[in-house]
Amino acid sequence: MPHGHAGQPGHTAWQGAHAYELAVLMEELERARTSAGCVRLTGEPWVGKTRLALRLARAAAHQGWTVACGRAARGGGGRPFHALVDALDDRLAAADPAVLGRLGAVRLRVLAQVFPALGGMPPAGLGDIDVHAVARAVRAVLEQLAGRRGLLLVLDDAHRAGGEVAEFTEHLLRRPPDAPVLTVLVHRGGGPAARRLASLAHADGAVRHLALRPLPREAAAALLPAGLGPLHRELILRDGAGVPGLLRALSDGAAPDAGGVPHSSLELACGPSPLPPTAQALDLGVLSPLARRAVAAAAAAGDPFTPEEVAGTALLSVEEALRAVDELHSEGIVQPGPRAGWFRFCRPAVRALVYQTAGAAALRAARKRAPDAAAHAGTATAVLTALLESAAPPTAREAEFLEAQARATVFAQPARAARAARRAAECPGAPPGVRLLLCQALVLSGRPAEALAEYARLWPRQETDQALAQAAVWAEAAVWRARALRLLGARAQARRVLRAVPAEGRAAIPAAQAELAALLLESGRPARGAALTAARRAVRCVPPSDVAAHGHALALLAAAHAAQGAAGTAREVAGEAGPLLSGLGREGAAPVVEAWRWLGEASAGGDGRRARRFFQRGFDLALHHGQGHLLGPLARGLAGACLESGDPAAASAHARFAAAEFDRLTAYDSAAAAQDFLESVERAAQKNSESDRCVPLSAREREIAMLIGPGLTNQQIAARMDISIKTVETYMGRIFKKLGARSRAQVVFLLSADPVAGRNS
């Protein structure tokens, strides 16, 4: 991998990715010494199939194997047997004449129809070529090239190859080469060619299928460059979803302080790309020109999209758009959507990256060529995208539309909602409610200081402006202004804001009581009794039909009981709130993500594992929805729960994230407290690490631990050592505890990086 910028992960990290799959391929290579074999290596785009195949090729060449690698034609077209020609033509051109002579004149005439090295001119189509005769002749070529050392034949992008390559593979399965030959077919999962390759089977199990899957979090994190901010790092891990190519595109060239404001997962799927401009473009060279044009139009249309929308943006006929979408499906870039006739990108980050590099240009070009094409049959997504990309002030009707879109997405996509509300406020005569909506979106996305600056301009108008003077509007604005002040540590000022709300306003907005309870809980011991009273009042104010608000109020009540030392009552109330919140689902929980924080607080100090689950759920939801205002408090709670449950390494990581987030929010008091907490956690982690190092592995434990490296399962380790699975599991528990490891990959890393950890006692 090229070293693109400072802090990029080293060669070792990339070499460690998919180590288990490489070990399996090496096993197949060794097996092929005695019996020719075939492997299908499959996976989604950019997951690392080609890179892994090249690593196999280098390892095979190092062991003395003859290696021939070819790939199907990129961008469509290509001659018959293109992948085989790409792999073998140079070998044939350099072959000893005696080797060619052993093929015989008949086979050479057949091969000359396909391979330029033998003097033939490859035809444009199959025409009169006898595919079976070519397959038989190529099998003889493989036997001659393999000799005694062996031949590795790698055919990449096999899903793009013609049907003749599948027929050739079927021939090899029926009549395996009488030589050490391993054929590796590398392909994606979509399209008819891939389905035909997937159907390959043999009674003797000659085809080994190896599905390359996204990397687990720890392995994915090892690929990221140093110097990324904690928030940006989390966003890349979330959006990259363990796919190495996406991780590279999202992180390459990124500035250390990029990603200062979080974006939600949903913002990747439609509208302008929220990714930093430093993100690297994806390689779309495998696509035909028609498909590249269509994928840019699809990225502009948003997720999900229809072929008709693609046709309208790219100015293609519907038939051309359908052909292009079929190609994108066969390449594993898009998949059928939630409704008949709709499609969506397989990975939202792919959509965002394509939009950033080509989709925005496609949308602008469509508006220039045909102004009505930008509307994509009037879908709200496309209209919103066009308005956000436009530099002209919105009309009154457009501002109304922008405000409606911002209100609908303020909890699930707060960063984009803030942008939409700000654009709506640019309309002359925009109502003050639009500015209040902007403030709410700024608070949710983690920009409380900006929100307070807006509130400072709006607050004096609440007595004179009729729209602002309404009790419900005033109370809701007070809730979010108080939230902004609470985030910045100005709790006394936040309490004054809430208590200034008239009683009828607090009754109309139950969230005002919930916000007061949260504020009092954060204020410490003197306010605990008041917090319990406010939490009880919040439960009474919530309508029974509002499940989300009821669950939130109960979570606050549970935390208030825990703060008073009533652990049993806290557990009972939390047990009532948990199912309500879990039943909301990810999208339904967006307005009450903070409730998971209070459930965690209710369990902390007595049940660290349970508290950790609650805090983790809240953190994941806040990250998914881009609610940056909650990431710091949730990360700090998660750090405390990890420390309580005996995982100081994880506690240290979460504490570092929390300190960085409070610093980003410019919450000075909270940032200082978070920094002090981080230092105490790191001292505990260091003490735990030193304690662990005093307990080396026994000889038997080390013997079992070393078997983890090749990727063996507990069952395989038990079989190899002739012991029971239960015994292996017992040893694994001891190994993990002594090394302080949380995963099998970490065990391997610790043993390789620290010889003391694995020293026999």
Using 4.0 Å as the upper bound for N to carboxylate O, is an ion pair formed by Glu426 and Arg422?
no

Go through the steps to decide whether Tyr355 and Ser273 satisfy the test side chain to side chain contact (heavy atoms under 4.5 Å, CB included), and finish with yes or no.
CA-CA 6 Å; Tyr355 180 90; Ser273 172; 4.0 Å; yes

Can you tell if the side chain of Cys427 reaches within under 4.5 Å of the side chain of Pro393, non-hydrogen atoms only?
no

Say whether His654 and Arg612, considering side chains only, have a donor N or O and an acceptor N or O under 3.5 Å apart.
no

State, yes or no, whether a side-chain contact exists between Phe619 and Leu630 at a heavy-atom distance under 4.5 Å.
no

Closest heavy-atom contact between Ala577 and Ala555?
CB-N, 3.9 Å

Kindly give the heavy-atom pair with the smallest separation between Ala421 and Val434, and that separation in Å.
O-CG1, 3.3 Å

Kindly assign one of parallel, tilted or perpendicular to the pair Phe614 and Trp596, based on the angle between their ring planes and the thresholds 30° and 60°.
tilted

Exam field: side chain Thr409 to backbone Ala412, donor-acceptor pair closer than 3.5 Å:
no

Determine the minimum heavy-atom distance between Ala538 and Ala514, stating which atoms define it.
CB-N, 3.9 Å

If we only count heavy atoms from C-beta on, is the Leu246 to Leu353 side-chain gap below 4.5 Å?
yes

Is there a donor-acceptor contact under 3.5 Å from the side chain of Asp239 to the main chain of Ala349?
no

Show your working on side chain to side chain contact (heavy atoms under 4.5 Å, CB included) between Leu231 and Glu661 and close with a plain yes or no.
CA-CA 7 Å; Leu231 175 59; Glu661 275 300 283; 3.6 Å; yes

Do Ser445 and Arg447 get their side chains close enough for a donor-acceptor pair, meaning under 3.5 Å?
yes

May I ask you to say whether Glu594 pairs ionically with Arg597, meaning some side-chain N is under 4.0 Å from a carboxylate O?
yes

Under 3.5 Å, is there a donor-acceptor pair linking the side chains of His624 and Ser265?
yes

Donor-acceptor pair, Gln616 side chain versus Arg613 backbone, under 3.5 Å?
no

Could you tell me whether the side chain of Arg416 and the main chain of Cys270 form a donor-acceptor pair under 3.5 Å?
yes

Other residues, nucleotides, ligands: >12 heavy atoms within 6.0 Å of Glu400 CD:
no

Does a side-chain heavy-atom distance below 4.5 Å link Gln493 with Arg481?
yes

For the backbone of Ala281 and the side chain of Thr357, can you confirm whether one donor and one acceptor N or O come within less than 3.5 Å of each other?
no

Got a second to check how far Leu498's CG is from Arg486's CZ, nearest 0.5 Å?
9.5 Å

Going by heavy atoms in the side chains, are Leu388 and Leu402 under 4.5 Å from each other?
yes

Find the distance between CZ (Phe657) and CG (Leu634) and round it off to the nearest 0.5 Å.
9.5 Å

Exam field: side chain Glu309 to backbone Ala298, donor-acceptor pair closer than 3.5 Å:
no

Short side-chain to backbone donor-acceptor contact, Glu267 and Ser264, under 3.5 Å:
yes

Any chance you could measure Ile236, atom CD1, to Leu223, atom CG, to the nearest 0.5 Å?
11.5 Å

Quick check: does any side chain N or O of Arg238 sit under 3.5 Å from a backbone N or O of Leu623, one acting as donor and the other as acceptor?
yes

For a 4.5 angstrom cut-off between non-hydrogen side-chain atoms, does Val334 reach Arg344?
no

For Val243 against Trp46, the heavy-atom pair lying closest together:
CG1-O, 3.1 Å

Shortest non-hydrogen contact from Phe615 toward Ala641
CD1-CB, 4.1 Å

Main-chain N/O of Leu387 paired to Arg423 side chain as donor or acceptor, under 3.5 Å
yes

Side chain to side chain contact (heavy atoms under 4.5 Å, CB included) between Leu665 and His629: does it pass, once the steps are laid out?
CA-CA 8 Å; Leu665 292 174; His629 74 302; 5.5 Å; no

Arg217 with Glu234: basic N within carboxylate O range, under 4.0 Å
yes

State the CG-NE2 distance between Leu268 and His263, to the nearest 0.5 angstrom.
4.5 Å

State the CD-CG distance between Glu454 and Leu436, to the nearest 0.5 angstrom.
9.5 Å

Tell me, do Leu437 and Arg407 make a side-chain contact under 4.5 Å, heavy atoms counted?
yes

Within-4.5 Å side-chain heavy-atom neighbours: Pro272 and Thr385:
yes

Nearest-0.5 Å distance, NE2 of residue His552 to CG of residue Leu581:
8.5 Å

I need the single residue from Glu476, Glu515, Glu522 that forms a salt bridge (charged side-chain N to carboxylate O under 4.0 Å, His left out) with Arg483. Which is it?
Glu515

Heavy-atom nearest pair, Arg636 first then Ala658, reads N-CB, 3.6 Å

Any chance you could lay out the salt bridge (Lys or Arg N to Asp or Glu O under 4.0 Å) test for Glu44 and Arg347, step after step, and finish with the verdict?
CA-CA 10 Å; Glu44 64 180 282; Arg347 295 285 184 188; 2.8 Å; yes

Is a donor on one side and an acceptor on the other found under 3.5 Å between the side chain of Arg233 and the backbone of Ala221?
yes

